[in-house]
Amino acid sequence: MRFRRLLGAILRSVHTDTPSSSPGVQKLAQKILNSSKSAGRKSTRKSQTSGKPVADSGIVKCNISITNYMRNGQCESALSLFNSMPSKTSVSWNSMISGYLSNGRFELAHKMFDQMPHRDLVSWNIMITGCIRNKNLGAAKILFDQMPERDVVSWNALLSGYAQNGYVDEAKRTFDEMPVKNEISWNGILAAYVQNGRIEEARRLFDSKGSWAVVSWNCLMGGYLKKRMLLEARQIFDRMPMRDEVSWNTMISCYAQNGQMEEAKKLFDESPVRDVFTWTAIVSGYVQNGMLDEARRVFDEMPEKNAVSWNAMIAGYVQCNKMDLARDLFEAMSCPNISSWNTMITGYAQNGDIVEARSLFDRMPCRDCISWAAIISGYAQSGHSEEALHMFVEMKRAGEMLNRSAFTCVLSTCAEIAALELGKQIHGRLVKAGLEMGYYVGNALLAMYCKCGCIEEAYDVFGGISDKDTVSWNTMINGYARHGFGKEALKLFQNMERAGMRPDDVTMVGVLSACSHTGLTDTGTTYFYSMDRDYGIIANAKHYTCMIDLLGRAGRLDDAQNLMRNMPFEPDAASWGALLGASRIHGNAELGEKAAKMIFTLEPWNAGMYVLLSNLYASSRRWREVGEMRLKMRDTGVRKVPGYSWVEVQNKIHTFSVGDTTHPQSHQLYAFLEELDLRMKQEGYVPATKFVLHDVEEEEKAHMLKYHSEKLAVAFAILNVPAGRPIRVIKNLRVCEDCHTAFKYISKIVGRLIILRDSNRFHHFNDGVCTCGDYW
DNA sequence: ATAGGGTTAG
């Protein structure tokens, strides 16, 4: 999921290549200056006719060279030419500043701007644009307010800055305040709506005015493309008084991206011009529709290719996990850009080859935030959370800035490994960068807080999202449900309806699981049977699983089985899993065994099932079967996923496995656990030894339970997290039942809130009770 | 063909 988003981010980001500067610049500067001496007079005469002071033509030629060097990314050459100039105009300075900015050298540009003897209007405008490109809208606004005079360019720059950063209302205010408006201003406000997904408002604005520039027609059409509104886009295309290449390309992309390759091809043949954009649109259209062979055929036919075309083809192979073909193309590219490298890194990471991903990461000539996001996600995804964290720190040290996509990606990594402190830091940097708004980032932030066990903070973020979409509501509703706050989830669902948002199938999974996790059997049943009637949502396997869980929890095992028999599709492993859970809790070993065996048939690789079934046998002392299970696991090569738990303290993740003695504080931990054990027993705790698999003496079993990974993690957190703060522990598997009982006692004894995330849900232990109601 | 603001493909 996250890799898909990352791949999208790669494909959206724009990069400029930076060849190294060439030598012999001094010589060239001298040559230019010498040759221009004779031609100098002419330009002076011209200046008298125009009435404007025009510089010596030698200076002009140097300025042109500076611009050209900068366009080629040769900042050093530009600078030495600039330094060798005996006299300079403001154009010389402005060319340097602008060049630095387009090469991403913000600090150098700013230094030049400060040193410049006479800043003119253009200098200010360049800096404003530079700040905006550097994602520093705040600095742009300060410059705008400071500058001695403003022209329409200044206003347009600010307008587009607001638009690009999601501040549509500020953009509108700026537009209304502008003393003079031109075509670009009008396009700016139109783009503000389009870029921020407000296509209806864009259309209203468009219809309110008679004539628009071709650019604006294209912009509106592009808006419809993003919303996949093909008919509207085509209507605009047909109504356009004039078309340029962009118009054709936008319309062709529109069809290509929506799977209508025949229409795209037709328009491609009709188009008066076919440039790299046109060809690439067709190639990526085939790629996006999974037609790799077609894509490759067109790709090989292309008269000219640029990096984008190559990358589209490579991304196609990566998406289909054909890393060998992707590698062949990547190596055939004359100069791969950052996107090419990023695509390959993402590909290896999603294929589980983190070593190759890292090797490419280390070898790439320069990195951007997507590269970092890719490698961090790769590590997190493959379970190397420590390494993921380490790379976060490295990234900060390298001074890398995150963009919206990278923020989203990194936040979901934080969510996955529950790196809360880090997540909070990222949140802070989001606010600082002025990027905390907007669907994707806002929703990722919300999900991060939910998954890190901070449901209140999640709700704060939820409240701050101005344009809540279905995903925002679903994330919050599901978050409440997973935390065991069923009433809050259902209340939010009612608010959602009141806000006029239409629930979808994901919403209903949240609603049903809220009912299930809170034991609201009747409410859940009512929702389940009214879903289709009220919202046209047909129950899928997940909804049925929620219902089996809901009925099973209430002890209605027969009803649960009946529902399963009447499902319009074959029960999957998850449905049987829900039944197994219910059987286990209500002590129906026979049904549990049947369910577990069904799961074996469906998912022979599912190690968790072997363990669950072993537990089931162990709890009824059927040691022979326990032994058989162990043999079966060995024969099928299935390995039990080792259980481990972790805690984040001061930005560091501390991981524990069962009986762990590797932690530096382990002596202290074991002593503390002994002490807790004693106090728990005084309060009435009895170790649930039936959950120990092995056929050993009771006393030995109790000993084994005492040092489960989650117990070690909780003990560590109590000793290291300042009093008054909640304790947040994460376990990769389901929490052990004995630990669950123990944590209820511990929460009361030490007077702390313990929030435990296991592979299924959240448990909040407080003053002797858990929000799961002891059913999970 | 010297510097600043708007639209398209990954």
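Just so we're on the same page: letters track the sequence lines, and every chain starts at 1.
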Inset, instruction - Could you tell me whether the side chains of A:Asn218 and A:Ser247 share a donor-acceptor contact shorter than 3.5 Å? - result: yes
Legend entry - Out of B:dA9, B:dA3, B:dG6, whichever nucleotide has its closest atom nearest the side chain of A:Gln164: B:dG6
Legend entry - Distance below 4.0 Å between A:Gln195 side-chain N/O and B:dG6 OP1 or OP2: no
Legend entry - Residue from A:Thr174, A:Asn182, A:Val180 passing side-chain contact (heavy atoms from CB on, under 4.5 Å) with A:Trp155: A:Thr174
Inset, instruction - Drop me the distance from A:Lys226's NZ to A:Met221's CE, to the nearest 0.5 angstrom. - result: 11.5 Å
Inset, instruction - State which of B:dG10, B:dA3, B:dT7 makes the closest approach to the side chain of A:Val122. - result: B:dA3
Inset, instruction - Hey, could you give me the CG/CG distance between A:Asn125 and A:Leu143, rounded to the nearest 0.5 Å? - result: 10.5 Å
Legend entry - Backbone of A:Asn258 reached by a side-chain donor or acceptor of A:Gln288 within 3.5 Å: no
Inset, instruction - Taking only the side-chain nitrogens and oxygens of A:Arg150, find out if one of them lies under 4.0 Å from OP1 or OP2 of B:dG5. - result: no
Inset, instruction - Look at the side chain of A:Asn218 and decide which nucleotide, out of B:dT2, B:dG10, B:dT7, has an atom nearest to it. - result: B:dT7
Legend entry - Positions of residues 178-186 of chain A (non-hydrogen atom under 4.0 Å from DNA chain B), listed by number: A:Asn182, A:Glu183, A:Ile184
Legend entry - Closest listed nucleotide, where the reference is the side chain of A:Ser95 and the choices are B:dT7, B:dA9, B:dA3: B:dA3
Inset, instruction - Measure the CD1-OG distance between A:Ile345 and A:Ser359 for me, rounded to the nearest 0.5 Å. - result: 9.0 Å
Inset, instruction - Round to a whole Å and report the spacing from CD1 of A:Ile236 to C1' of B:dT8. - result: 16 Å
Legend entry - Rounded distance in Å - CD1 (A:Ile128) to P (B:dG4): 14 Å
Inset, instruction - For DNA chain B, find the residues of residues 202-217 of chain A with a heavy-atom distance under 4.0 Å and give them by number; none if there aren't any. - result: A:Ala213, A:Val215
Inset, instruction - Counting heavy atoms from C-beta on, name the nucleotide in B:dT7, B:dG10, B:dA9 closest to the side chain of A:Ser339. - result: B:dG10
Inset, instruction - Return yes if some donor-acceptor pair links the side-chain N/O of A:Asn72 with the main-chain N/O of A:Gln74 below 3.5 Å, else return no. - result: no
Legend entry - Among B:dG4, B:dG6, B:dT8, the one nearest A:Asn187 by side-chain distance: B:dG6
Inset, instruction - Side chain of A:Ala315 only, please: which of B:dA3, B:dG5, B:dG10 is the nearest? - result: B:dG10
Inset, instruction - Please report the closest heavy-atom contact between A:Asn187 and A:Trp212, naming both atoms and the distance. - result: N-CZ3, 4.3 Å
Inset, instruction - First locate atom CE of A:Met251, then atom OG of A:Ser271, and finally report the distance between them rounded to the nearest 0.5 Å. - result: 12.5 Å
Inset, instruction - May I have the distance from A:Arg133 (atom CZ) to B:dG6 (atom C1'), rounded to whole angstrom? - result: 14 Å
Legend entry - Closest to side chain of A:Ser160, choosing from B:dG6, B:dA3, B:dA9: B:dG6
Legend entry - Rounded interatomic separation in angstrom, taking CH2 from A:Trp155 and P from B:dG6: 17 Å
Inset, instruction - Look at A:Gln288 and B:dG10 and indicate whether a side-chain polar atom (N or O) is within less than 4.0 Å of OP1 or OP2. - result: yes
Inset, instruction - Could you check how far CD1 of A:Ile97 sits from P of B:dG4, rounded to whole Å? - result: 12 Å
Inset, instruction - Indicate, with a heavy-atom threshold strictly under 4.0 Å, whether A:Asp275 touches base, sugar-phosphate, or nothing. - result: nothing
Inset, instruction - Would you please say whether a donor-acceptor pair under 3.5 Å links the side chains of A:Asn249 and A:Thr278? - result: yes
Inset, instruction - Look at the side chain of A:Asn249 and decide which nucleotide, out of B:dA9, B:dG6, B:dT8, has an atom nearest to it. - result: B:dT8
Legend entry - Whole-Å distance separating the CG atom of A:Asp151 from the C1' atom of B:dA3: 13 Å
Legend entry - Length of the CD1-P vector between A:Ile59 and B:dA3, whole Å: 16 Å
Legend entry - Whole-Å distance separating the CE atom of A:Met147 from the P atom of B:dG4: 15 Å
Inset, instruction - Kindly check if the number of other-residue, nucleotide or ligand heavy atoms within 6.0 Å of CD (A:Glu200) is above 12? - result: no
Legend entry - Closest to side chain of A:Asn63, choosing from B:dA9, B:dT2, B:dT7: B:dT2
